[in-house]
Amino acid sequence: LAKTTQPISMDSYEGQEVNITCSHNNIATNDYITWYQQFPSQGPRFIIQGYKTKVTNEVASLFIPADRKSSTLSLPRVSLSDTAVYYCLINPDSNYQLIWGAGTKLIIKP
Amino acid sequence: GAGVSQSPSNKVTEKGKDVELRCDPISGHTALYWYRQSLGQGLEFLIYFQGNSAPDKSGLPSDRFSAERTGGSVSTLTIQRTQQEDSAVYLCASSLNAGNEKLFFGSGTQLSVL
């Protein structure tokens, strides 16, 4: 049964690079890895998606090793406003039965 | 509208009363999800609609919960005879099509059952 595992919480400081890793040992061959960000009193927001190696956008980078059993969301030079919960997600059956991680609560300190 | 709209944003009700939560998805999005999120917890899948097809209701926690989607657009989640354990944020999301992992969420309805 596919599942994702991520740390419950992480702390860091402004200006640092933050890496959040999600493990998904049973990821399907054709499955993408997707990450979301959720601020208090808001719904989750899509931030990045990838299949292999590295993907970068204006918000974050996503690193996926060759075996694809894990993925790492990298947030460069974080600020206080990056304090949020980050979720990884897979979709092993390529349908609506999405597998959400439990979320990583990231707290950025001044 | 530009995004997924949910109403009301907050609902306080008394135990035993019925409530209706509304979701207006992004125009043209055929897939619609309802999730529940308890305080400090992750997302609990409730129900999924794809266009005008029969929904997947497998996540509904009891027969007090029901949902419909009219005309493949607006959806309403109804909770009958509310209980205190129903207190949570109810999130609606839509995506362009089935199997698309890019979901657009509303801000949710905070339901408090006294």
Side-chain angles (χ1 to χ4, degrees), chain A residues 1-9 20 22 24 27-51 55 57 59-60 62 64 71 73 83-107, chain B residues 2-10 21 23-26 29-51 53-59 69 88-112:
Chain A
L1 188 64
K3 64 176 288 188
T4 62
T5 304
Q6 51 184 130
I8 294 173
S9 65
I20 306 174
C22 177
H24 26 76
I27 192 168
T29 303
N30 60 347
D31 200 356
Y32 280 73
I33 300 130
T34 310
W35 284 79
Y36 282 77
Q37 175 189 56
Q38 185 178 26
F39 296 116
S41 302
Q42 295 185 25
R45 179 180 75 108
F46 171 94
I47 47 175
I48 198 165
Q49 183 182 64
Y51 180 78
V55 178
N57 63 21
V59 176
L62 181 60
I64 304 166
S71 59
L73 176 73
T83 293
V85 178
Y86 293 83
Y87 293 93
C88 64
L89 171 122
I90 58 174
N91 185 6
D93 295 323
S94 298
N95 59 18
Y96 62 90
Q97 293 172 316
L98 308 175
I99 308 297
W100 292 84
T104 298
K105 185 173 184 179
L106 175 65
I107 297 174
Chain B
V4 176
S5 178
Q6 291 189 247
S7 61
S9 55
N10 282 282
L21 312 180
C23 173
D24 204 338
I26 292 174
H29 281 195
T30 63
L32 187 147
Y33 301 76
W34 282 97
Y35 287 94
R36 180 167 72 174
Q37 189 171 41
S38 299
L39 187 63
Q41 302 299 307
L43 299 172
E44 176 189 3
F45 168 79
L46 296 178
I47 190 167
Y48 169 80
F49 294 90
Q50 172 56 40
S53 302
D56 178 351
K57 305 177 182 181
S58 61
R69 188 180 184 191
V89 175
Y90 290 82
L91 289 163
C92 175
S94 69
S95 67
L96 191 57
N97 46 37
N100 190 323
E101 297 89 2
K102 188 170 184 178
L103 273 59
F104 294 81
F105 283 83
S107 294
T109 294
Q110 172 71 63
L111 176 65
S112 300

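Letters A, B, ... mirror the listed sequences (proteins, then strands); counts begin at 1.
At a 4.5 Å heavy-atom cutoff, the contact between Q41(B) and chain A is made by backbone atoms alone. Contact annotation for S94(A): only backbone heavy atoms (N, CA, C, O) come within less than 4.5 Å of a heavy atom of chain B.
Looking at residues two or more places apart in sequence or on another chain, you find a side chain to side chain donor-acceptor pair (under 3.5 Å) between Y96(A) and D56(B).
When the shell of 6.0 Å around OH of Y32(A) is examined, it contains 12 or fewer heavy atoms from other residues, nucleotides or ligands.
Residues of residues 92-102 of chain B lying within less than 4.5 angstrom of chain A, judged on heavy atoms, are G99(B), E101(B), K102(B) in numerical order.
One N or O on the side chain of Y36(A) and one on the backbone of L103(B) form a donor-acceptor pair closer than 3.5 Å.
Within the model, atoms OH of Y35(B) and CG of L98(A) stand 4.5 Å from one another, a figure rounded to the nearest 0.5 Å. Note that CZ of F104(B) and CZ of F46(A) are 8.0 Å apart. Values are rounded to the nearest 0.5 Å. Taking CD of Q97(A) as the start and OH of Y48(B) as the end, the distance is 10.0 Å to the nearest 0.5 Å.
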Should L91(B) and Q38(A) be marked as a side chain to side chain contact (heavy atoms under 4.5 Å, CB included) after you check the CA-CA gap, both sets of side-chain angles, and the distance that decides it? CA-CA 12 Å; L91(B) 289 163; Q38(A) 185 178 26; 4.1 Å; yes
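Each of P44(A), G103(A), A102(A) has some count of heavy-atom pairs under 4.5 Å with chain B, and the biggest count is that of P44(A).
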